[in-house]
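Here's the structure, in structure tokens; my notes come after.
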There are 2 protein chains.
Amino acid sequence: MTINRDVDQIRDKLEEKGYRLTPQRQAVLETFLANPDRHLSADDVYSIVKATNPEMGVATVYRTLELFRELHIISEQDFGQGMSRYECACDDSHHHHIVCLKCGRVWEFNNATLERVERQLAKDYDFDVVGHNMQLFGYCKNCRQKEDEPGH
Amino acid sequence: MTINRDVDQIRDKLEEKGYRLTPQRQAVLETFLANPDRHLSADDVYSIVKATNPEMGVATVYRTLELFRELHIISEQDFGQGMSRYECACDDSHHHHIVCLKCGRVWEFNNATLERVERQLAKDYDFDVVGHNMQLFGYCKNCRQKEDEPGH
DNA sequence: GTCCTTGCAAAGGCTTTGCAACTGA
DNA sequence: TCAGTTGCAAAGCCTTTGCAAGGAC
């Protein structure tokens with residue numbers, strides 16, 4: 001099963017650096033592996049993990065998120081909602097986000113043109129780019145239709 | 001003088017909606033007009049305004065920022081620094097940001113290709129785009145050079 | 001034993017809110 | 001008069017930190 005293999009790989013990655021894959025960390029990891037399409041907040045992760053590990057503390061979630069982010073196991077996003085969101089960074093594909101301001105759903109996209117623009121900008125500004133972030137905010141088809149319904 | 005004209009225009013904009021341009025609001029407005037190139041945090045604005053209006057309270061700054069944002073007088077940015085930053089939105093030009101993770105300086109750029117990509121994406125996803133955000137994070141030339149200096 | 005890790009509670013930092021007082025038309 | 005506005009302090013929210021206890025090697 002893919003998830004078990006992923007867990008093993010990440011256990012190695014942690015142990016290489018002198019860290020352990022504790023049950024708590026594994027629970028957080030599995031939450032991300034089981035939700036590859038979601039952009040989880042710290043609180044989302046906490047709630048999900050707490051369901052099976054009631055002894056889990058929030059601080060551990062935050063510490064684990066920071067550790068995973070450092071090791072590039074997950075990546076952090078800010079959609080301007082007052083808290084960070086995290087997603088699995090298991091594949092190295094850079095992608096960008098389209099965020100619906102009504103329902104909060106997030107779509108991801110890759111765009112070769114964008115990557116090209118980015119490389120050109122890095123060159124123009126003599127800038128060593130280590131991360132990027134492109135977000136479109138607006139309203140999805142679904143939410144627009146709801147707006148148009150009578151009574152709204 | 002341009003700034004006075006801008007102030008008058010915005011006074012009209014406020015009064016149209018039933019708001020007043022109070023001395024506090026004018027002080028905040030002038031801070032933005034006087035710093036068109038900066039990306040000010042709420043605390044930056046507070047410090048600047050407090051220098052000439054010592055009675056100014058933080059709450060007023062936040063309330064003014066929200067009001068100005070609603071009226072599209074300023075726009076809000078989040079560079080992942082734990083607080084929002086605001087900039088004058090007096091001209092309607094959309095632009096994007098290059099943020100140095102070391103010195104925190106921000107460069108702005110416009111890019112026609114990017115705008116084109118954005119329009120295409122809006123079409124592809126049937127999305128009503130009302131805002132966007134492109135940020136590159138990394139290290140500027142200056143900070144890279146400092147890193148290379150002996151002793152660092 | 002030693003270092004990593006944890007849960008708890010307290011503290012931090014940014015932002016919002018309740019409220020009584022004030023202001024301008 | 002009346003709605004809009006303000007300063008202050010308290011509260012809210014997300015996140016980090018101090019610390020003593022627990023756990024793996």
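A note on names: the letters A, B, ... follow the listed sequences, proteins ahead of strands, and every chain is numbered from 1.
Atom CD of B:Glu70 is separated from atom P of D:dG4 by 13 Å (rounded to the nearest Å). Straight-line distance from the OH atom of A:Tyr19 to the C1' atom of D:dC25: 18 Å, rounded to whole Å. Distance, A:Glu55 CD to D:dG22 P: 14 Å, rounded to whole Å. We find that OH of B:Tyr46 is positioned 10 Å from C1' of D:dC8, with the value rounded to whole Å. Atom-to-atom, CG of A:Leu65 to P of D:dT15 comes out at 9 Å; the value is rounded to the nearest Å. Between the P atom of C:dT15 and the CZ atom of B:Arg69 lies a distance of 11 Å, rounded to the nearest Å. A straight line from CG of B:Leu14 to C1' of C:dG24 spans 15 Å, rounded to a whole angstrom. The separation between B:Gln26 atom CD and D:dT5 atom P is 14 Å, rounded to whole Å.
Between A:Asp128 and B:Lys141 there is no salt bridge, since no side-chain nitrogen of the basic residue lies less than 4.0 Å from a carboxylate oxygen of the acidic one.
At a cut-off of 3.5 angstrom, counting only N and O atoms as typed in the model, there is no donor on one side facing an acceptor on the other between the side-chain of B:Arg63 and the base of D:dG4.
Under the 30°/60° scheme for interplanar angles, the aromatic rings of B:His39 and B:His97 are found to stand perpendicular. Between A:Phe127 and B:Trp107, the ring planes are perpendicular. Angles over 60° get that label, and only those under 30° would be called parallel.
Looking at B:His132 and A:Gln135, their side chains never bring a donor and an acceptor atom within 3.5 Å of each other.
In this structure, B:Cys100 and B:Cys140 approach most closely via the heavy-atom pair SG-N, 3.5 Å.
Heavy atoms of A:Ser84 sit under 4.0 angstrom from primed sugar atoms or phosphate atoms, though from no base atom. Residue B:Glu66 is out of contact with every strand shown, counting any heavy-atom pair closer than 4.0 Å. Looking at heavy-atom distances under 4.0 Å, A:Gln24 makes contact with sugar-phosphate atoms alone, never a base.
For the pair B:Tyr62 and C:dT15, the criterion of a side-chain N or O lying under 4.0 Å from OP1 or OP2 is met. Between A:Thr22 and the phosphate of C:dT6, there is a side-chain N or O to OP1/OP2 separation shorter than 4.0 Å. OP1 or OP2 of C:dT6 lies within a sub-4.0 Å distance of a side-chain N or O belonging to A:Arg25.
Comparing B:Tyr86 and B:Arg20, the nucleotide of DNA chain C nearest to each residue sits closer to the 5' end for B:Tyr86.
In the set C:dA9, C:dT15, D:dA9, C:dT15 carries the atom at the smallest distance from any side-chain atom of B:Met83. Taking only side-chain atoms of A:Met56, from C-beta outward, the nucleotide of C:dG7, D:dC8, C:dC14 with the closest atom is C:dG7.
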